[in-house]
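Letters go in sequence order (proteins before strands), and every chain restarts at 1. Just the heavy atoms: all of them, side chains too, but no hydrogens, waters or symmetry mates, feed the values below.
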Protein chains: 2
Amino acid sequence: MKQKENQLKAFLQKGHLHYMPGVSVDNVIFGFHENQLKVLLLQANTGKFWMLPGGFVQKNEHIDEAAARVLQTRTGLDNIFLQQFHTFGQPRRSSNKVLIETFHSLEVPFDEDHWLLQRFVSIGYYALVEYDKVHPEPDELSRTCTWHDLDRLPSLLLDHKDIIMKALEELRLRLNYQPVGYNLLPEQFTMKNLQSIYETLLGRELDRANFSRKILSFGILDRKRKQFSGGAHKAPFLYSFNKKKYFRALEKGLGRDF
Amino acid sequence: MKQKENQLKAFLQKGHLHYMPGVSVDNVIFGFHENQLKVLLLQANTGKFWMLPGGFVQKNEHIDEAAARVLQTRTGLDNIFLQQFHTFGQPRRSSNKVLIETFHSLEVPFDEDHWLLQRFVSIGYYALVEYDKVHPEPDELSRTCTWHDLDRLPSLLLDHKDIIMKALEELRLRLNYQPVGYNLLPEQFTMKNLQSIYETLLGRELDRANFSRKILSFGILDRKRKQFSGGAHKAPFLYSFNKKKYFRALEKGLGRDF
DNA sequence: TACTATTGTGTCATATTGACTCATTAATAC
DNA sequence: GTATTAATGAGTCAATATGACACAATAGTA
């Protein structure tokens, strides 16, 4: 892992040439597995704290691109809908403990003015991705990258817990306007699958029949002839998202205005 | 105006000691006058372009505080609900024309590395304020500060038009969850006044009777005995916001969930 | 005093929502 | 093979919300 170490060193020493100062991006990446909502987290090389997959904004890069790049490098996923939901800017957001330990362990000289030790404002994005398609990949500063149950989060760095909670809050609000599920489910899925997602995101149970009626009324699903089998009991229909209608709804909203 | 000039010089030369690099705040300040929705804009000292009242984030200041400070200095208003709605981060947001002209006119030496000439990411906030209470105050870089009709905006700097449009879009979405009007209307007002605001914000007409029914169902209004008179025809009731219930609704939402 | 424009209130048809029921059916147990 | 079981698709019905409209009341004006 000499190579990774060298990359990290270069990043620490020359990052200020490539990245904007003071601005970072943090992604709350939601996945869904065994009827549980999961969040992708990294564990710092030094110390026990976990953190959100985040990164910095290249000097000539759109912040949305930066978020997409972070998502791509951590999960291997491309072309995923990322929603910017809030920017976090308390004055003492940054704790430099992890960084300073890293400097020491790599024997990289640094001073107080080092770009990474300054205050950062972080722009939060969330994404909903298909659990099975993700290949979690730690970054230079972390040793692990794994999923965590949303209701059993480990100790998190800084305000990262707040960021996750805010993401969930905003996501719940947007559930009324934006369809959900496209990157979260496989190509074909049952109504029950989709309902589970909504239930988990909302944190409460929904009536089966009413849910189905409502979702179908959005007109974003195509029903397949093929039936799912393998589970016990009656075979449910399989559905897929009508990509065209789904993305129109994503842009134009689901039409629940004042 | 020698003093203002000196302030500006100091800001240009020493700003980097006090403010975060690369991060700014822009406020979309909505007012309501003669049944028109207005936005407060500044006109640059040099050139004809108008811009949003904005500013920088002090090194030890919460971004929300920075937005509140900008609002306070431009309008004299304090304690106003400011909603962060989006962060704008295209790579070529900043046009340095205005700045460079300013450097020249003040004979302040500068080079490419000057902190203000770097790329900035801007955090957008909107506020709804009482038109008559505002005392518009230009900043160091501008010569005027006045209201503009939302549907007759002048030529705006950079992406400031996009910012205004996005603010309106987000505001419209939030109209379903958040009550509106508290800082927009005087202490007492008629149902018609409030309806006009909603109509203007939404850009369409609403049924009088249905609007009244719906707003009253939120339970955030107190009806006064006193009747408004002076206008022609039947005297309407006067209402005021029940501050306690209003702010509970602002936090907890108006209860229109999935 | 009559007229007019606007307001408070009420009605009614329609749409949406929440809580159920019931027949159907795929896998499992017998 | 047949009965059992549990989940599914479809449907019902009352409660509620919404959109469109009607009508009497009334403050100023003619």
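- Tested against A:Y246 for a ring-ring contact (aromatic ring centres under 6.0 Å, His included), the candidates A:F218, A:F241, A:F81, A:Y239 yield a single pass: A:F241.
- The 5' end of DNA chain C is approached more closely, in terms of each residue's nearest nucleotide, by B:K192 than by the other of B:K192 and A:R213.
- Atom CD1 in A:I215 sits roughly 16 Å away from atom P in D:dA10 (whole-Å rounding).
- Interatomic distance, CG of A:L206 versus OG of A:S212, reported as 12.0 Å (0.5 Å rounding).
- Computed from coordinates, the B:N176 CG to C:dT16 P distance equals 15 Å when rounded to whole Å.
- B:L216 has its CG atom 14 Å from the P atom of D:dA17, to the nearest Å.
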Shorter than 3.5 Å, N or O on both sides, protein versus nucleotides 21-26 of chain D: list them out with atom names.
none

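- Whole-Å rounding puts the A:E205 CD to C:dT17 P distance at 20 Å.
- Residues B:P53 and B:L42 approach most closely at CA-CD1, 3.8 Å, considering heavy atoms.
- Here the P atom of nucleotide C:dT7 and the CZ atom of B:F237 are 13 Å apart, to the nearest Å.
- In this entry the distance linking CD of B:Q195 with C1' of D:dG19 reads 14 Å, nearest Å.
- In this pair, A:F85 and A:Y126 present their aromatic rings tilted. The plane angle is within the 30 to 60° band.
- Rounded to an integer number of Å, the gap from A:K224 NZ to D:dT8 P is 20 Å.
- Distance CZ (B:F218) to C1' (D:dT18): 13 Å, rounded to an integer number of Å.
- Contact record, B:W147 with B:P136: NE1-CG, 4.5 Å, taken as the closest heavy-atom pair.
- Phosphate contact (OP1/OP2 of C:dG18, side-chain N/O of A:R204, threshold under 4.0 Å): absent.
- Checking each of B:V70, B:L156, B:L41, B:L157 against B:L52 for a side-chain contact (heavy atoms from CB on, under 4.5 Å) leaves exactly one that passes, namely B:L41.
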